[in-house]
Structures are given as C-alpha cells and as structure tokens.
Amino acid sequence: MSGAFLSDIQTLRKRAREHIAQGAVTPGYRADRATVLKLLNEALATEIVCVLRYKRHYFMAKGIHAEGVAAEFLEHAGDEQQHADQIAERITQLGGEPDFSPDGLASRSHAEYVEGESLEEMIKEDLVAERIAIDSYREIVNYLADADPTTRRLMEEILAKEEEHADDLANLIEGIAK
Ligand SMILES: [Fe+2]
Ligand SMILES: [Fe+2]
C-alpha cells in the first residue's frame, strides 16, 4: 500500500538529517513542546513532593510501630521516585530541562506536602495527594491525545500506578477503621 498516512521514506530520511540536533524531537512532533515541558515539570514536582511526603510518613509510621503501613509508604516512595526519573528523562528527550529546584517546588506540584498527625491522617493525606495526581495526569493524557503518543503512554503508565496507590491506601484506611 502506498503512503496513505506515512510520509515517504526519502522525506522521512531527509527530515531526520536536517534536524539532528533536535534529538528525539522531529518535525512530525505535533504537540506544543513548551506546554508539554511545562506540564511535565509540574508532574515532576508532584512526584518529588510525593517522594518527600511518603518518606516522612515512612519514618514517622515506623516510630508508631505500624510496620505494615510503613512498608507500604516506603514502597510508594520508591515508585514516585521512579516516576520522577522517568518524567525527567522524557523532559530531556524533548530538549527541555528537568526542574529539580527546591525553590517553588511545592507550588509547582499539584499534590501537597502534608505531614499528618496520626497514622490515619497520613494515609488520608496520601490518598488525597494520589487522587489529585490521578486527576491531573488524566488531564495531561487527554491533552496530549495523539500529538505526543510517547509522553502520553508514559503518563498513562504512571496514572495506572497512581490508581493502584490510591487503592492500596483506601484498603489501609479500611484496615485501620476495623
Ligand atoms: Fe507517582
Ligand atoms: Fe502515587
């Protein structure tokens, strides 16, 4: 079948050579790169704030002898760190710079850093943060649609993980209520 939707190979090759310095970003990239980079840096801040909050909760929960819950917090902290790294990686692939600056980190983040007094409060705050991440990542996925499938797929994977986290936390709350 002739190229009903694919550009012909010669054109693809020529374009690839012309824009080598742009790395993974080809002229066929249809998203607004500045907006995508801004959204990704907000997602990066969100993940970093989640790592910090889960770490705080992990060490505090250990202090109140809630080993099972503490282990869950630690696992989530590790997942959020992985998300932060994946997002930072994608930012550089798109020719941007990952913003790791502590200045303004909390205001770039969608989710909040709340310490929480009791174990139950910690879990609830984590659940709120996950639900915020779920909503904002879903919006990012919808915004990207077909304009940047790679970033969209990454955010879809992360979104699925945040939904798992929210579910884990809801189960923990139920367990504590009993
Ligand atoms: Fe995450
Ligand atoms: Fe999460």
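Counting convention: from 1, in listed order, for ligands and their atoms alike.
- Around the Fe ion (ligand 2), protein N, O or S atoms at less than 2.8 Å number 5.
- Around atom CD of E67, more than 12 heavy atoms belonging to other residues, nucleotides or ligands sit under 6.0 Å away.
- Between the side chains of H57 and E125, no donor-acceptor pair of N or O atoms lies under 3.5 Å.
- Salt bridge present: D99 and R108 bring a charged side-chain N and a carboxylate O closer than 4.0 Å.
- A salt bridge links K38 to E42: one of the charged nitrogens lies within less than 4.0 Å of a carboxylate oxygen.
- Looking at E47 and the Fe ion (ligand 1) together, the shortest N, O or S contact belongs to OE1.
- One finds no salt bridge joining D148 and R153 here, because no Lys/Arg side-chain nitrogen approaches an Asp/Glu carboxylate oxygen to under 4.0 Å.
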### Message
Could you walk me through whether E164 and H76 satisfy the side-chain contact (heavy atoms from CB on, under 4.5 Å) test, starting with their C-alpha distance in whole Å, then the side-chain angles of each, then the deciding distance to 0.1 Å, before giving a yes or no?
### Response
CA-CA 10 Å; E164 248 181 72; H76 286 198; over 6 Å; no
